[in-house]
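Below is one structure, written out as structure tokens; the observations come after it.
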Amino acid sequence: MNQMLQPNDVSQLEALLGDPWQSLNTTGFSAVVAADERHELLPAGETLLDQYQLNAQFVPLELGGRLASLNRLIAVMRCIFRRDPSLGLGYGASSFLAAANVWTAGHPAQQARVAAVLLSNGKLACAYHELEHGNDISRVECSAQLGQERLTLQGGKQVIANAARAQALLVYARTASGTGGRSHSQILLERTEASAGSLVDQPRYSTSGMRGIALGGVEFTQCDLPIENLVGNPGQGLETTLKAFQLTRVALPGMFSAILDTGLRLTLKHCRTRRLYNKPACELPQVRARLAESFVDLLLCDAFVSVAANAAHVVPAELNLYGSAVKALVPAVLVTAMDSLASVLGAHSYVREGEMAIFQKLLRDLQPVGFGHAARISCLMTLLPQLPMLAKTGWNSAAPAPEGLFALDWQQASLRFDRLALSSGGQDTLLAFLLTLSTQETPKGSCESEIFHLVRLFADELQALREQCAALPAQQTTARASPESFRLASRYSVLLCASACLGIWQTQQENTSDPFLAQPAWVLAVLLRLAALSGLTRQRLSAALTETLLDELTQRYLSRQSFDLARLPLAATAGWH
Ligand SMILES: Cc1cc2nc3c(=O)[nH]c(=O)nc-3n(C[C@H](O)[C@H](O)[C@H](O)COP(=O)(O)OP(=O)(O)OC[C@H]3O[C@@H](n4cnc5c(N)ncnc54)[C@H](O)[C@@H]3O)c2cc1C
């Protein structure tokens, strides 16, 4: 690897990717769109990421990698997702999905093997999905027969990223009959271990977005492997999955939110030069409102992701709540915001040529954030069984937040995969903070008093939710739950997000390097958006608030800074003007 590179440095990767608007840049927008048209993963992007050794970001420090903070990993991946989500998912993130399981339950030799594959720029495939069963992994049929010393894989997996080109595969396989929690296990295998004919690649699947990703299938026929390839204990597959995917359900929406950053930047660029009714389109009040709302949506998504990612370090036993809630809420907000921007761009959101062509690709690439890696509804389903206990024990007392929960500095203790849990046991540190805030005196200032009015509205909403969740019957906490029951989990996710935003705001007031985050405007705006999502208010952003947000947005646009909380510098270009 090139010793000059500093792979842990986000700005270094941004600089390597270079000017997105330079037509000769092999990792610029023109090249990205051209590769998408060819249904190919950006070749120069893959070479660059090999050179940068991106995979080291997925490997914990103890195993020789650079994975220290989940938020830092998300920030690195956003450099890629901002310009080519297919490259981000197809080159790297899909390997992280598989690896997280091995970091959670693999034995040291397996962890060392996976680290070696990744650190030599190899890929991992995460083979869960079977077309027949979708999100219902309890019915997965691909099986592993376990013997004393050997195991045998039999059956197929479909629509798997990098299935045919991954050095190693993590396979979710049936090891007992039935649909109970102990009927599946995970098997790790390197391709070279499979004897001839026992692992056959299936034809590639074609998709409307993420076109460059080699989505393939595999068919195992009497694939004989050592029993040591079992990850964890027999029957532990579902448990490991539910733990490891808590991390990835935060990380993936966090990475995908970078798509909204570029979508918003493109829309602003277009509206600053597009003249309608003899004025730049960005002067139209309706356009201004849409731009401001999308900016707020990006901030609230990032705040929720950042706090949930911190929770992975600070309160890992509660990540089972926050990971599912992020995956349930953030994708929906991102998709709605991009659709809103598409309607601002009109036909320019649809053309596959010219400088706006990248927008339609981003719009298509965003869609899997909602249905891939567990549908929104199945994340709500994992929250449902916990709601009655939370209502009875977790949402009763206010408590200050533990140190680091709302920090934005990425300085966290190492991830403790062994501390991930299936249930929070009725603990909910994030909502306890909302309760604490609701008992505080309203600070001075008109914006602040509006914020505290909304805090009390959310506290009342929590009280209502507590009563309804405490009375939730057991049959309403399964896949057969009614829409009203699913709605309880949605409302809970919104409350968690509100608490995350408020926590960041309060922490930034005490110690900030970014005055915008310490000021009340952004948090008032996110609370209004969230209150509207839960149906608590119909109040829209005022004209004054819209202008404050647009000032910030424009200033970041002109100085090439990211629109998320980190406000990171973007690659030098004359293209954003
Ligand atoms: C780009 C891309 C990459 C992928 N990479 C991988 C990979 O690497 N590995 C892998 O294993 N898979 C991968 N997949 C497959 C992906 O995970 C599946 O598409 C996903 O599991 C969703 O399957 P489905 O929509 O068919 O699920 P279904 O279960 O059929 O769900 C469809 C819809 O039904 C509804 N629904 C589901 N459950 C419930 C419920 N309990 N209550 C009410 N409604 C419900 C929801 O609206 C849901 O969106 C990838 C897919 C894409 C597009």
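As the structure lists them, so they are numbered: ligands from 1, and atoms in each ligand from 1. Because the structure is predicted, anything quoted here is derived from the model rather than measured.
Residue-environment remark: CD (E353) stays at or below the threshold of 12 foreign heavy atoms within 6.0 Å.
Listed by first and then second residue, the salt bridge (Lys or Arg N to Asp or Glu O under 4.0 Å) pairs that reach into residues 218-238 are R150-D224, sequence neighbours excluded.
Taking every heavy atom of both residues into account, T241 and N101 meet most closely at CA-OD1, 3.7 Å. Closest approach of F96 and A251 over heavy atoms only: CE2-CB, 4.3 Å.
The one candidate from K361, R211, R364 that meets the side-chain contact (heavy atoms from CB on, under 4.5 Å) condition with S86 is K361. Each of Q186, H107, Q111 was compared with V231 under the side-chain contact (heavy atoms from CB on, under 4.5 Å) criterion, and only Q186 meets it.
Protein residues with a heavy atom closer than 4.0 Å to ligand 1 are C126, Y128, H129, G134, N135, V159, I160, A161, M210, L215, F371, H373, A375, I377, M381, A479, F486, listed by chain and number.
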